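Treat the numbers as computed from the prediction; the structure is a model and nothing was measured. Naming: A, B, ... by sequence-line order, numbering from 1 per chain.
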Amino acid sequence: MEAKIALAGNPNSGKTTIFNLLCGTKEKVGNWPGTTVEKKEGILEYRGKRFRVVDLPGVYSLSAYSIDERIARDFLVNEKPDLVVAIVDATNIERNLFLVSQLLEMGVNLLIDLNMMDIVSSKGINIDTEKLSKLLNVDIVETVANRGIGIDELKGRIFKNLSERKNLIPLRIDYGIEMEEAIEKIETILKENYETALPGRVVAIKLLEKDPDFIKSIEGKPFFNEINVIIEETEKRIEKTYGEDIESFSIERRYAFLKGLARECVKKGRSETASLSDKLDKILLNKVLGLPLFLFFMYLLFYLVFSIGNPLADLIDAGFASLGDYLRIIFEKQAFPNWATSLLLDGILAGVGSVLVFLPNIALLFLGISILEDSGYLARAAFLMDKIMHTLGLHGKSFIPLLIGFGCNVPAIMATRTLESRKDRLLTILIIPLMSCSARLPVYVLFANAFFPRYQGLVVFSLYLIGILLALFVAKVAKNIFFKEEVTPFVMELPPYRIPTLRNVLLQMWIRSFLFIKRAGTVIASAVIIIWALSSLPPGVEYASQNSIIGRIGSILAPVFKPAGFGNWQASVALLFGIVAKETVIGTLGTLYGEETLRTTLREVFTPLSAYAFLLMTLIYIPCIATIATIKKETNLKWAMVTTLYSLVLGWLVSVLFYQIGKVL
Amino acid sequence: MAFLTPALEDYLEGILILKEEKGIVRVKDLAHLLKVKASSVTESLKKLKELELIDQEKYGYIELTQAGINIAKEIREKHAVLKNFLVNLLGVNEETAEKDACSMEHYLSDETLNKLINFLNSFASEKEGTALGEKLKKLSLLNLGMKGIVRKITAVGVLKRRLLDMGFVRGEEIEVINVAPLGDPIEVLIKGSQVSLRKDEAEKILVEVIP
Ligand SMILES: Nc1nc2c(ncn2[C@@H]2O[C@H](COP(=O)(O)OP(=O)(O)O)[C@@H](O)[C@H]2O)c(=O)[nH]1
């Protein structure tokens, strides 16, 4: 068995950078079981040995109040890694060592990596590493991860640490007489009655802090009452002496210990002049300039992802089309049976093409996002937008994914991974499909042009607006249904601005694109093939005609849409195809009504009222298959289903309501 | 910091006060403030410089180093707490309290200081409206650039724990360094890191404003 190493640390301490340096591209990205939190695992190879490295979520503490913290804690307790490497932002020892001190109390085998040493020296801070190492009784390595300095040393120390036997003595922080007495009593009770995975002292402290998980684990046990009495007594005692509950008090004591530690080992530099980061903030968060600059950056992001990405996507699309045409000629020469040609080209080739066509957008999006994230601006973007987004029941960080949604829902959903809280993330994902993506625009334009030639712009604009309003409505409702209980603090660190490293950015781009193909690719491709099959069967029918399976399904569905004013089978089939990709709605109508006369035929079949109802349906109903697949892979089947169902019902309701009310007026 | 004599501590405190009042600190002003001769000021400054607590630049302006600032602030906090205790609880008259606080501050241990603060806090919260109680302000009400010392966290549950974990503990200095263009959230500096929080979260942090 390979030794197991866990990386732990505060957010923004350089954990991802170090993980990437240790494992190269040999990493596996998945989710922690049962959660939407990403789990990264990799293999570190050193001197012919292999080590399994797990990247724990970035946390400030091991209290179990957030899912991230719980994951980190459970992993440490249940999986018992052979070594924990704690990544510490050395510019802020005191705050970073908070987590480290908890790890040391737990008695895990620890190695401290003091990262960001370049900034430490440029700030003139002096850290007495040797003393710190002695006081905490752990080995310490210094690194500058973004330039790869010290990484070999780190690998060497990991290797050395794991090849020698050590006698680990958990760290002891003095919590003051009141708590210490209680800890001792509880520890004794535990020792006599109960097997704990963690040192008794840690369990006792956690119980005193009333950690819900730990309390639950002993609830109902015969000694529970005895311990409960001790907790209550101590609570009263501390409340009386210090005017505080135990939890706050123990954290205060821990910080007092760390303050002392920092005082012994860290010499602050000379009085600091405003750093570059502060100066940048003066501009980027400025009362007047902040928002315009933000919008400008968003424009750049949008431009990068779509104005540069879409031509590339078109190129891929065209490439596949000509490849198809070319192969079709060859197949015909070889006298392939028609159905086989169609399966290979309209089914499989088209399926693969419809996956790859997303790649430019996704790669460029993650190029943009990782630059924003690594530079530290992403947190500022949330800071700037939070007031608006919060009024709408969302988080400042929801803004970017929603914006991206107007280009394409698929990368938008992938962009929600910058949202840490499960609630905010799922809410954002749920409403992204209501952002009119660029694939819906051609449908809007065609109908607006055919039915409302004088008000085209207004019609298209109204649809975008309705999408946004519905999104707000859905967010409100969903919040009450699914996330009533969950409160997540906004409190968030704004990391100093940094220049992103090319390596990190490219790696992100590569990993995300690869993950998209791997995770969503098969689902999308299979859906395309299924739709092909439905359109081509039973054998011999004309593709997607009324006699094909899909045509028959369309005929069955048609009456359902009668109240919305478009109860013809062609419209239903077009909507069915729209599930594959919304722009195919037009193509399908073209095939079914005849390309040349499409506009006139449409005017015969639809009234302006039913045309607008149809557009409303196109806006709202079922997100395209790529979006559903991405939701499923980013979260789970449940949320993909929820999105599909709610949008279908909502779309039907809105278009029916619109048509019926319109008819009366 | 046991190596500093009370006199030297007074100098550090004096420099801090002058710096905040006038922006620059000159030997002359310092001598005036502490009621000593300029020559003895120069001598003490030399010692402080050796300890790397101050920098003396050209033109004779005195600057505290970061370490110097830290110590000076600690002393000033002790001074404020003691004076508060003497005046508001014991009813000592203002002038005497000032003088006594000045001498007591040098011998007060961290532990006693903390207990004293706790005592004052609990006293203040019992008798709403006493001096310290009036001094406590919600962090959300602080303007840009204002500083305070965290005195109480009234948040509960997840928020409380998150704040505590991130270093919003009693006695910690906090400064409002940015306000979002739309007025919410705000950004504060605490324990050397920049943290943003919504106003309704900042409301649950009570601070004592540092003038
Ligand atoms: N100056 C400097 N920057 C670093 C160092 N290590 C990482 N960074 C940068 O800090 C930022 C955050 O790093 P990341 O690895 O994403 O942090 P994580 O949030 O802990 O995963 C990135 O822009 C890195 O390039 C370092 O040692 N020195």
Side-chain angles (χ1 to χ4, degrees), chain A residues 59-61 63 65-66 69 89 91-95 98-99 124-125 240-244 247-248 251-252 254-256 260 263 267-272 277-278 281-282 285-291 294 379-380 382-388 390 396 487-496, chain B residues 1 52 55 63-70 110-111 114-115 117-126 144 152-153 155 157-172 177-187 189-202:
Chain A
V59 292
Y60 295 103
S61 162
S63 61
Y65 277 114
S66 79
E69 290 172 355
D89 174 354
T91 59
N92 192 346
I93 293 261
E94 212 180 303
R95 226 273 319 285
F98 190 80
L99 176 70
I125 303 172
K240 209 166 138 207
T241 330
Y242 302 95
E244 228 169 7
E247 193 183 23
S248 313
I251 291 175
E252 237 164 58
R254 187 188 296 276
Y255 263 123
R263 221 180 255 172
K267 252 211 192 134
K268 288 265 171 66
R270 17 202 78 234
S271 65
E272 273 167 51
S277 196
D278 295 337
D281 265 346
K282 286 272 169 298
L285 301 183
N286 183 281
K287 221 174 168 65
V288 183
L289 291 176
L291 286 175
F294 169 74
R380 266 87 182 171
F383 180 72
L384 290 169
M385 288 314 291
D386 188 67
K387 174 81 191 268
I388 298 179
H390 186 49
V487 260
T488 41
F490 175 76
V491 187
M492 151 182 92
E493 204 180 347
L494 297 182
Chain B
M1 302 301 128
E52 291 187 30
D55 268 336
E63 289 280 354
L64 289 170
T65 62
Q66 191 63 43
I69 291 178
N70 290 347
D110 279 356
E111 189 178 352
N114 277 333
K115 299 229 162 148
I117 291 173
N118 290 330
F119 177 68
L120 286 170
N121 274 349
S122 55
F123 184 79
S125 53
E126 266 168 35
L144 184 62
K152 201 169 180 62
I153 305 288
V158 193
L159 178 62
K160 171 175 149 209
R161 181 73 201 204
R162 170 61 60 86
L163 288 173
L164 290 169
D165 283 343
M166 287 184 82
F168 291 76
V169 287
R170 293 197 299 185
E172 203 59 46
I177 54 174
N178 260 312
V179 176
L182 301 172
D184 192 16
I186 61 170
E187 182 187 357
L189 186 67
I190 188 154
K191 269 201 194 293
S193 59
Q194 288 155 256
V195 178
S196 78
L197 52 162
R198 290 187 181 135
K199 280 213 160 145
D200 56 8
E201 293 168 335

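- Here CD1 of A:Ile251 is found 10.0 Å from CD1 of B:Ile153. Values are rounded to the nearest 0.5 Å.
- When B:Leu159, B:Asn70, B:Asn178 are compared by the number of non-hydrogen pairs under 4.5 Å with chain A, B:Asn178 comes out ahead.
- Considering all non-hydrogen atoms of both residues, A:Lys387 and B:Pro185 come closest at N-CD, 4.4 Å.
- For B:Lys191, the side chain to side chain donor-acceptor pair (under 3.5 Å) criterion is met by A:Glu94, B:Glu172, not counting sequence neighbours.
- Residues passing the side-chain contact (heavy atoms from CB on, under 4.5 Å) test with A:Ala379, sequence neighbours excluded: A:Met492, A:Leu494, A:Pro495.
- Nearest heavy-atom pair across B:Lys152 and A:Gly243 is NZ-O, 4.0 Å.
- Of the atoms belonging to B:Lys160, it is side-chain heavy atoms, and not backbone ones, that fall under 4.5 Å from chain A.
- In this structure, chain A has a heavy atom under 4.5 Å from the side chain of B:Leu163, while its backbone stays farther away.
- Contact tally against chain B (heavy-atom pairs below 4.5 Å) for A:Leu99, A:Asp89, A:Val59, A:Leu291: the top residue is A:Leu291.
- Rounding to the nearest 0.5 Å places CG of B:Leu164 at 11.5 Å from CZ of A:Arg254.
- For chain B, the nearby part of A:Arg380 is the side chain; its heavy atoms alone come within less than 4.5 Å.
- The part of B:Ile177 that comes within reach of chain A is its backbone (N, CA, C, O), which places non-hydrogen atoms under 4.5 angstrom from that chain.
- For the set B:Gln194, B:Glu201, B:Arg198, the count of heavy-atom pairs under 4.5 angstrom toward chain A peaks at B:Arg198.
- Neither the backbone nor the side chain of A:Thr91 has a heavy atom closer than 4.5 Å to any heavy atom of chain B.
- A side chain to side chain contact (heavy atoms under 4.5 Å, CB included) with B:Arg161 is found for one member of A:Ser66, A:Ser61, A:Pro489 and no other, namely A:Ser61.
- Nearest heavy-atom pair, B:Asp200 versus A:His390, reported as atom, atom and distance to 0.1 Å: OD2-NE2, 3.9 Å.
- Using a 4.5 Å heavy-atom cutoff, the side chains of A:Asp281 and B:Glu187 are in contact.
- Chain A forms the most heavy-atom pairs under 4.5 Å with one residue out of B:Arg170, B:Lys199, B:Arg162, B:Met166, and that residue is B:Arg170.
- For the side chain to side chain contact (heavy atoms under 4.5 Å, CB included) test with B:Pro181, the passing option among A:Val288, A:Asn286, A:Leu384 is A:Leu384; the others fail.
- A donor-acceptor pair under 3.5 Å is formed between the side chain of A:Tyr255 and the backbone N or O of B:Asp165.
- Going from atom CG of B:Leu197 over to atom CZ of A:Phe383 covers 9.0 Å, rounded to the nearest 0.5 Å.
- When all heavy atoms are compared, the tightest approach of B:Ser196 to A:Phe490 is OG-CE2, 3.4 Å.
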